[in-house]
Peer 1: 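Can you read through this structure? Questions will come right after.
We're numbering straight along the sequence, starting at 1. When reading the values below, keep in mind they use all heavy atoms of this one structure, side chains included, and skip hydrogens, waters and symmetry mates.
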Amino acid sequence: VLTGGHPYLFRRGLDFIRVDGFDRVVSRAARSDGPFREHLDRLRQVLQRDPSLLSELDKIRLGLPSKDAAARARLWTGGVIRYEADGRVAFRSPLYREFLTLAFFS
């Protein structure tokens, strides 16, 4: 659940769980020094370069509507968000939600 089914993050998480244990991995997952740091840092760098993506993420985080279909499509294509069955938009994983909230919106 933590990685939202992201294949790379899931595999990486299992590798770290084998060494560090489940609780330690989960408690450090969204930290800048955690087990997913390289992947999350690349994501942060991409998002920092495009204010429209950050604006869209903030609206998604707050549950607000958006008219920026292009930004939403880029976030979906990049695997950062997903569409729910009821049409709502959400972060793909709790990991992305926690990390991006801490990185940009706290």
Side-chain angles (χ1 to χ4, degrees):
V1 173
L2 178 68
T3 63
H6 189 293
Y8 169 76
L9 295 178
F10 181 77
R11 188 179 66 245
R12 185 138 173 97
L14 288 178
D15 291 342
F16 275 96
I17 287 170
R18 190 180 69 237
V19 174
D20 294 335
F22 180 79
D23 292 336
R24 183 164 165 80
V25 170
V26 169
S27 70
R28 298 180 65 226
R31 292 178 31 177
S32 60
D33 63 346
F36 307 110
R37 67 183 163 271
E38 293 92 5
H39 175 80
L40 295 174
D41 191 48
R42 280 192 303 277
L43 176 60
R44 182 186 51 75
Q45 290 172 7
V46 168
L47 294 171
Q48 278 180 320
R49 290 190 290 253
D50 192 332
S52 68
L53 296 179
L54 286 178
S55 176
E56 186 64 19
L57 279 176
D58 196 27
K59 289 176 183 168
I60 292 166
R61 180 180 68 90
L62 297 171
L64 300 174
S66 168
K67 295 181 182 180
D68 192 345
R72 199 171 43 249
R74 287 184 59 205
L75 291 167
W76 179 77
T77 302
V80 178
I81 63 170
R82 70 175 188 266
Y83 290 94
E84 301 287 337
D86 62 4
R88 290 181 304 119
V89 180
F91 285 86
R92 177 179 180 162
S93 68
L95 175 64
Y96 282 170
R97 180 175 190 62
E98 183 178 350
F99 175 77
L100 295 171
T101 297
L102 290 171
F104 295 113
F105 309 115
S106 58

Peer 1: Contact between Val80 and Leu100 at the side-chain level, heavy atoms closer than 4.5 Å - yes or no?
Peer 2: yes
Peer 1: Would you name the heavy atoms of Ser93 and Leu2 that are closest together and state the gap between them?
Peer 2: CB-O, 3.3 Å
Peer 1: With a 4.5 Å limit on heavy-atom distance, are the side chains of Trp76 and Val89 in contact?
Peer 2: no
Peer 1: Please report the interatomic distance CG(Leu57) to CZ(Arg97), rounded to the nearest 0.5 Å.
Peer 2: 10.0 Å
Peer 1: Which atom pair, heavy atoms only, marks the closest approach of Leu40 to Ala29?
Peer 2: CD1-O, 3.7 Å
Peer 1: What heavy-atom pair brings Leu75 and Leu47 nearest, and what distance separates the two atoms?
Peer 2: CD2-CD2, 3.9 Å
Peer 1: Closest approach of Glu56 and Ala71, non-hydrogen atoms and distance?
Peer 2: CB-CB, 4.0 Å
Peer 1: Identify, with sequence neighbours excluded, every residue that meets side chain to side chain contact (heavy atoms under 4.5 Å, CB included) alongside Ala90.
Peer 2: Arg82, Glu84
Peer 1: First locate atom CD1 of Ile60, then atom CZ of Arg88, and finally report the distance between them rounded to the nearest 0.5 Å.
Peer 2: 11.5 Å
Peer 1: Looking only at heavy atoms, what is the nearest atom pair of Gly4 and Arg92, with distance?
Peer 2: O-NE, 3.4 Å
Peer 1: Looking at side-chain heavy atoms only, is the closest gap between Ser55 and Asp68 below 4.5 Å?
Peer 2: no
Peer 1: According to side chain to side chain donor-acceptor pair (under 3.5 Å), does anything in residues 6-26 pair up with another residue at least two apart or in another chain? List the pairs.
Peer 2: Arg12-Glu38
Peer 1: Once ring pair (Phe, Tyr, Trp, His ring centres under 6.0 Å) is applied, do any residues pair with Phe99, and if so which ones, sequence neighbours excluded?
Peer 2: none
Peer 1: With a 6.0 Å cut-off (strictly less than), is the heavy-atom count around CZ of Phe22, excluding the residue itself, greater than 12?
Peer 2: no
Peer 1: Once rounded to the nearest 0.5 Å, what's the spacing between atom CD1 of Ile81 and atom OH of Tyr96?
Peer 2: 12.0 Å
Peer 1: Is the shortest side-chain N to carboxylate O distance from Arg74 to Asp50 below 4.0 Å?
Peer 2: yes
Peer 1: If you round to the nearest 0.5 Å, how far is NZ of Lys67 from CZ of Arg72?
Peer 2: 11.5 Å
Peer 1: Test of understanding: clusters of I, L, V, M, F, W, Y form through side-chain heavy atoms closer than 4.5 Å, transitively. Do Tyr83 and Phe91 belong to the same one?
Peer 2: yes
Peer 1: Would you confirm whether Arg28, through its side chain, and Asp33, through its main-chain N or O, come within 3.5 Å as a donor-acceptor pair?
Peer 2: yes
Peer 1: For Ala103 versus Arg44, what's the shortest heavy-atom pair and its separation?
Peer 2: CB-CD, 4.3 Å
Peer 1: Quick one: CD on Gln48 to CZ on Phe104, what's the gap to the nearest 0.5 Å?
Peer 2: 4.5 Å
Peer 1: Atom CG in Leu62, atom CZ in Phe105: separation rounded to 0.5 Å?
Peer 2: 8.0 Å
